[in-house]
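Throughout, residue positions are numbered sequentially from 1 according to the sequence presented. The basis for the numbers below is simple: all heavy atoms, side chains too, and nothing from hydrogens, waters or symmetry mates.
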Amino acid sequence: MSLARVHSFSISLDGFGTGEGLSQDAPFGHAGERLHQWMVATRWWDPGGSGGVDDAFAQQHGVGIGAEIMGAGKFGPPGWHEDPGWKGWWGPNPPFRTPVFVLTHHPRPSIEMEGGTTFHFLDASPAEALETAREAADGRDVRIGGGPTMVRDFLAAGLVDHLHVVVVPILLGRGVRLWEGLEGLEAGYRVEATSSPSGVTHVTFTRTVRGVAEAP
């Protein structure tokens with residue numbers, strides 16, 4: 001069975017995966033771009049960027065991925081469902097190049113974009129969404145793309161096989177925390193940490209026991 005993977009998910013030292021006050025002009029709220037500066041500086045993002053630890057982790061983002069699941073908050077700002085013309089943040093040629101399943105309480109018809117990305121809109125549980133995405137992935141893995149509430153829901157349901165979190169040395173103080181309600185999560189995973197000269201720490205969780213949702 002294909003794996004469910006989270007890659008390059010950045011959080012602050014106090015555990016926030018996004019800031020407060022999200023809007024079309026501020027996709028990450030008061031956090032701005034601070035959570036993702038490490039990624040923007042890599043060769044994976046910009047051919048003129050840096051190599052090393054950060055780039056090595058970033059390069060794994062799309063390897064073997066056949067579909068993505070993302071939350072409504074990643075697809076657009078609050079209220080995007082009221083705009084029939086909204087097609088995401090990424091322009092006519094989004095970077096996903098796979099089927100993308102957007103979890104929302106406001107489904108709409110699928111949107112086929114350039115480059116192989118098609119957005120599908122589901123009102124479904126994490127388990128149902130993952131089953132649908134796995135069918136579309138055709139044997140490849142499914143990326144759980146965020147935001148923090150959705151990743152937390154998939155973790156709580158025992159559906160994530162591999163989790164890559166990037167701890168960025170900033171304090172946000174407010175926003176949406178990733179780890180809320182996930183006490184003891186590490187017990188089911190092999191946890192490894194790698195420090196980078198950029199100041200971030202890459203923490204990976206690789207599942208060693210069957211998840212809650214898969215238990216008999």
Can you confirm whether V160 sits close enough to V6 that some side-chain heavy atom of one is under 4.5 Å from a side-chain heavy atom of the other?
yes

S50 side chain to A41 backbone, donor-acceptor under 3.5 Å
yes

Which pairs pass salt bridge (Lys or Arg N to Asp or Glu O under 4.0 Å) with one or both residues in residues 66-85, sequence neighbours excluded?
E68-K74, E68-R143

Distance-only polar pair, side chains of D54 and H202, donor-acceptor under 3.5 Å:
yes

Sort out for me which residue in W45, W44, F96, F9 forms a ring pair (Phe, Tyr, Trp, His ring centres under 6.0 Å) with H61.
W44

Closest non-hydrogen atom pair, A193 against T201:
CB-CG2, 4.2 Å

Can you confirm whether L130 sits close enough to F101 that some side-chain heavy atom of one is under 4.5 Å from a side-chain heavy atom of the other?
no

Output the distance between atom OG (S10) and atom CE (M39), rounded to the nearest 0.5 Å.
5.5 Å

Take V165 and L178 through the side-chain contact (heavy atoms from CB on, under 4.5 Å) test and state the conclusion after the steps.
CA-CA 10 Å; V165 172; L178 174 63; 4.0 Å; yes

Would you say T42's side chain and D55's backbone share a donor-acceptor pair under 3.5 angstrom?
no

Is the shortest side-chain heavy-atom distance between L172 and R34 below 4.5 Å?
yes

I'd like to know if the side chain of T132 pairs up with that of E135 as donor and acceptor (distance under 3.5 Å, no hydrogens or angles considered).
no

Please say yes or no: joined through hydrophobic side-chain contacts below 4.5 Å, possibly via intermediate residues, are V151 and V166 part of one cluster?
no

In terms of hydrophobic clustering (I, L, V, M, F, W, Y; side-chain heavy atoms under 4.5 Å; direct or indirect links), are V167 and Y189 co-clustered?
yes

Of the non-hydrogen atoms in V63 and Q59, which two are nearest, and what is the gap between them?
CG2-O, 3.4 Å

Heavy-atom donor-acceptor pair, T104 side chain to P107 backbone, under 3.5 Å
no

When you compare the side chain of L155 with that of F205, does any pair of heavy atoms fall below 4.5 Å?
no

E131 backbone acceptor or donor facing R134 side chain under 3.5 Å:
no

Start with the C-alpha gap between D141 and R5, add the side-chain angles, then the distance that decides, and say whether salt bridge (Lys or Arg N to Asp or Glu O under 4.0 Å) holds.
CA-CA 7 Å; D141 292 347; R5 296 159 37 190; 2.8 Å; yes

Mark yes or no for whether S12, through its side chain, and L171, through its backbone, hold a donor-acceptor pair below 3.5 Å.
no

So how far is it from Q60 CD to H162 NE2, rounded to the nearest 0.5 Å?
8.0 Å

Rounded to the nearest 0.5 angstrom, the CD1-CG distance for I69 and L122 is 8.0 Å

Enter the distance from T206:OG1 to H164:NE2 here, rounded to the nearest 0.5 Å.
11.0 Å

Is there side-chain contact between I11 and W179, with heavy atoms separated by less than 4.5 Å?
yes

Rounded to the nearest 0.5 Å, the CG atom of L182 sits from the CZ atom of R177 at a distance of 12.5 Å

Indicate yes or no: at least one non-hydrogen side-chain atom of L13 is less than 4.5 angstrom from one of I170.
no

Look at the rings of F121 and F119 and say which category their plane angle falls in: under 30° parallel, 30 to 60° tilted, over 60° perpendicular.
tilted

Could you tell me if W38 and S196 have a donor-acceptor pair between their side chains, going purely by distance under 3.5 Å?
no

Is it true that R207 and D161 make a salt bridge, defined as a side-chain N closer than 4.0 Å to a carboxylate O?
yes

For residues L163 and L159: do they belong to one hydrophobic cluster (side chain heavy atoms under 4.5 Å, members Ile, Leu, Val, Met, Phe, Trp, Tyr)?
yes

So does D138 have more than 12 non-hydrogen atoms from other groups sitting under 6.0 Å from CG?
no

L22 versus P78: any side-chain heavy-atom pair under 4.5 Å?
yes

Donor-acceptor pair, side chain of R174 and main chain of G21, under 3.5 angstrom:
no

What closest approach, in Å, do L35 and V168 show between heavy atoms, and which atom pair accounts for it?
O-CG2, 3.5 Å

Between CZ of F154 and CG of L103, what distance do you get to the nearest 0.5 Å?
5.5 Å

Please report the C-alpha distance between M70 and I144 in whole Å, then the side-chain angles of each, then the deciding distance to 0.1 Å, and finally whether the side-chain contact (heavy atoms from CB on, under 4.5 Å) criterion is met.
CA-CA 6 Å; M70 68 172 63; I144 310 301; over 6 Å; no

Under 4.5 Å between any side-chain heavy atoms of W89 and W80, yes or no?
no

Taking the six-membered ring where the residue is Trp, are the ring centres of H7 and F57 under 6.0 Å apart?
no

Does A136 offer a backbone N or O that forms a donor-acceptor pair with the side chain of R140 under 3.5 Å?
no

In short, A67 meets A133 closest at the heavy-atom pair CB-O, 3.7 Å

Ring centre gap for H105 and H81 strictly below 6.0 Å
no

Let me see the working for D25 and S23 under side-chain hydrogen bond (donor to acceptor under 3.5 Å, both in side chains), right down to the final yes or no.
CA-CA 5 Å; D25 294 328; S23 69; 5.2 Å; no

Decide side-chain contact (heavy atoms from CB on, under 4.5 Å) for T118 and M113; before the verdict, give the C-alpha distance in whole Å, the side-chain angles of both, and the deciding distance to 0.1 Å.
CA-CA 6 Å; T118 300; M113 309 292 286; over 6 Å; no

Stepwise, does the side-chain contact (heavy atoms from CB on, under 4.5 Å) test hold for T18 with F16?
CA-CA 6 Å; T18 192; F16 292 98; over 6 Å; no

Atom of V142, atom of S2 and distance for their closest heavy-atom approach:
CG2-OG, 4.4 Å

Do you know which two heavy atoms are closest between A58 and S8, and how far apart they sit?
CA-OG, 4.1 Å

